[in-house]
Trainee: 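The structure follows.
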Amino acid sequence: MENDEVILLDFWASMFGMRIRVALAEKEIEYEFKEEVVGGTKSPLLLKMNPVHKKIPVLIHNGKPVCESLIAVEYIDEVWKDKAPLLSSDPYERAQARFWADYIDKLYDFGRKIWDAKGEEQEVAKKNLIDSHRVLEREALGDKPYFGGESFGFVDVALIGFYSWFYTYEAFGNFSMEAECPKLVAWGKRCMQRESIFKSLPDPHKIYEVILQYRKNVGLE
Ligand code: GS8
């Protein structure tokens, strides 16, 4: 796969974009990162490449777009299949991994309502977020180092971007993820030691600063 052209339309703080960044890093694929400003004007390239949802991230491989982060991660795993497999070769394990990745996708709204709401709405979101992370910890991770077992895989890729938002959830929700879900936080720390991850994820404090400014702008602070 030499001479492949790989472009990622992304936004630095997007946990969905982080999935694709991590998958590309795991496979050691070089790519061009094109920053979109979420909340700003959408570039003509984004509108052309994702005319349906008009959202980042979009992976563009040799001029062809792949939209939706989990679909893009699976695509990367299939195209560059010789290095660092993310999904198992076993159909049942693949089905389980997809089940949990789908579950993780649904956590976005809880997280969002912690930093984009206040009062009762925020409290309900916080409870939902903690409860669902407890489910992930108990039912999917257990005592394994990674969700798929001994090696880093698809579910880890699906969740790791959210880990860099934990600090923001904790700061605005006034709770400790480590106190609520210690094994999950230990998993996050373990993942952060991988080069593919610490090179692909932003500083959680930077996310917090941007969200704090956002909350001030919309009158939540
Ligand atoms: C979610 C992408 C998304 O929400 C995926 O790729 O997995 N299910 C999709 N993208 C957001 C930025 S990240 O919060 C986005 O592009 N929002 C801009 C908009 O909605 O206009």
Side-chain angles (χ1 to χ4, degrees), residues 6-26 29 31-61 64-79 86-87 94 97-117 121-122 125 128-129 132 136 147 153-169 171-173 197 200-204 206-215 217-218 220:
V6 182
I7 298 171
L8 179 61
L9 302 185
D10 198 352
F11 170 61
W12 67 272
S14 168
M15 57 279 269
F16 303 109
M18 290 177 213
R19 291 169 169 173
I20 304 184
R21 277 176 249 164
V22 167
L24 290 170
E26 281 287 319
I29 298 160
Y31 63 98
E32 185 187 343
F33 186 96
K34 285 198 180 169
E35 179 87 6
E36 289 282 328
V37 183
V38 168
T41 311
K42 296 176 197 253
S43 75
L45 185 62
L46 175 62
L47 297 176
K48 183 173 168 220
M49 292 294 164
N50 191 355
V52 176
H53 298 306
K54 305 176 179 69
K55 287 185 177 186
I56 58 91
V58 181
L59 176 78
I60 310 173
H61 183 206
K64 293 187 292 192
V66 183
C67 299
E68 286 297 318
S69 59
L70 291 175
I71 294 174
V73 171
E74 284 207 42
Y75 175 81
I76 290 166
D77 202 33
E78 283 184 31
V79 172
L86 297 171
L87 276 160
R94 279 207 299 279
R98 290 181 181 122
F99 171 87
W100 287 115
D102 179 65
Y103 183 87
I104 291 164
D105 260 1
K106 300 193 173 94
L107 306 183
Y108 173 79
D109 283 342
F110 300 147
R112 173 152 196 145
K113 283 190 186 132
I114 292 181
W115 57 262
D116 201 6
E121 197 182 5
Q122 190 186 41
N128 285 333
L129 187 91
S132 31
L136 270 177
F147 281 89
F154 189 68
V155 181
D156 305 297
V157 175
L159 186 63
I160 193 61
F162 288 81
Y163 176 75
S164 56
W165 280 77
F166 278 10
Y167 180 76
T168 299
Y169 300 153
F172 295 112
I197 297 184
S200 309
L201 265 46
D203 178 358
K206 207 176 142 201
I207 297 175
Y208 168 79
E209 290 299 332
V210 168
I211 296 299
L212 179 62
Q213 190 55 51
Y214 167 83
R215 286 178 64 89
N217 292 349
V218 298
L220 283 165

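Since this is a predicted model, take the numbers as computed values, not measurements. One-based numbering, in listed order, for ligands and for the atoms of each.
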Trainee: List in chain and number order the residues that pass side-chain hydrogen bond (donor to acceptor under 3.5 Å, both in side chains) with E36, two or more places apart in sequence or in another chain; answer none if no residue qualifies.
Mentor: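 Here the qualifying residues are S43.
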Trainee: Indicate yes or no: does an N/O atom of K42 lie under 3.5 Å from an N/O atom of ligand 1?
Mentor: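 Among all N and O atoms of K42, at least one is under 3.5 Å from an N or O of ligand 1.
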Trainee: To the nearest 0.5 Å, what is the distance between CE (M18) and CZ (F11)?
Mentor: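 Here the interatomic distance stands at 9.0 Å.
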Trainee: Holding to side-chain hydrogen bond (donor to acceptor under 3.5 Å, both in side chains), I want the full list of residues that pass it with E35, two or more places apart in sequence or in another chain.
Mentor: none
Trainee: Please report which non-hydrogen protein atom sits nearest to atom 4 (O) of ligand 1, along with the residue it belongs to and the distance in Å to one decimal place.
Mentor: F16 CE1, 3.7 Å
Trainee: Sub-3.5 Å donor-acceptor pair from the side chain of D156 to the main-chain atoms of F147, do we have one?
Mentor: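 A pair under 3.5 Å: yes.
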Trainee: In terms of residue, atom name and distance, what is the protein heavy atom nearest to atom 6 (O) of ligand 1?
Mentor: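 Here the nearest protein heavy atom works out to S69 N, 2.9 Å.
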Trainee: Using a strict cut-off of 4.0 Å, indicate which atoms of ligand 1 neighbour a heavy atom of S14.
Mentor: 13 (S)
Trainee: Taking W12's backbone N and O only, do any of them form a donor-acceptor pair with R21's side chain (distance below 3.5 Å, no angle check)?
Mentor: yes
Trainee: Closer than 4.0 angstrom: is that true for some heavy atom of F11 and an atom of ligand 1?
Mentor: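 So F11 does not count as touching ligand 1.
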Trainee: What pair of heavy atoms forms the shortest contact from L129 to L107, and how long is it?
Mentor: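 Closest heavy-atom pair between L129 and L107: CD1-O, 4.0 Å.
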Trainee: Under 3.5 Å, N or O to N or O, is K54 touching ligand 1 that way?
Mentor: no
Trainee: Contact between ligand 1 and M15 is defined here as a heavy atom of the residue under 4.0 Å from a ligand atom; is it met?
Mentor: no
Trainee: Check this for me - ligand 1, L70, N or O atoms closer than 3.5 angstrom, yes or no?
Mentor: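 Among all N and O atoms of L70, none is under 3.5 Å from an N or O of ligand 1.
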Trainee: With ring-ring contact (aromatic ring centres under 6.0 Å, His included) as the criterion, how do Y214 and W115 come out once you've worked through the C-alpha distance, each side chain's angles and the decisive distance to 0.1 Å?
Mentor: CA-CA 9 Å; Y214 167 83; W115 57 262; 5.7 Å; yes
Trainee: What residue and heavy atom of the protein are closest to atom 10 (N) of ligand 1, and at what distance?
Mentor: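 Scanning the protein heavy atoms, the shortest distance from atom 10 (N) of ligand 1 goes to I56 O, 2.8 Å.
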Trainee: For ligand 1, note which part of E36 has a heavy atom under 4.0 Å away: side chain, backbone, both or neither.
Mentor: neither
Trainee: Do me a favour and list the nearest non-hydrogen protein atom to atom 20 (O) of ligand 1 with residue, atom name and distance?
Mentor: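 Looking only at protein heavy atoms, the one closest to atom 20 (O) of ligand 1 is K55 CE, 3.3 Å.
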Trainee: Ring centroids only, cut at 6.0 angstrom: are W100 and Y103 within range, meaning strictly under it?
Mentor: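 When the ring centroids of W100 and Y103 are compared, they turn out to be within the sub-6.0 Å range.
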Trainee: For atom 8 (N) of ligand 1, grab the closest protein heavy atom and report residue, atom and distance to one decimal in Å.
Mentor: E68 OE1, 2.7 Å
Trainee: Near Y108, which atoms of ligand 1 are under 4.0 Å from a heavy atom of that residue?
Mentor: 14 (O)
Trainee: Counting the benzene-type ring for Trp, do Y108 and F162 have ring centres under 6.0 Å apart?
Mentor: no
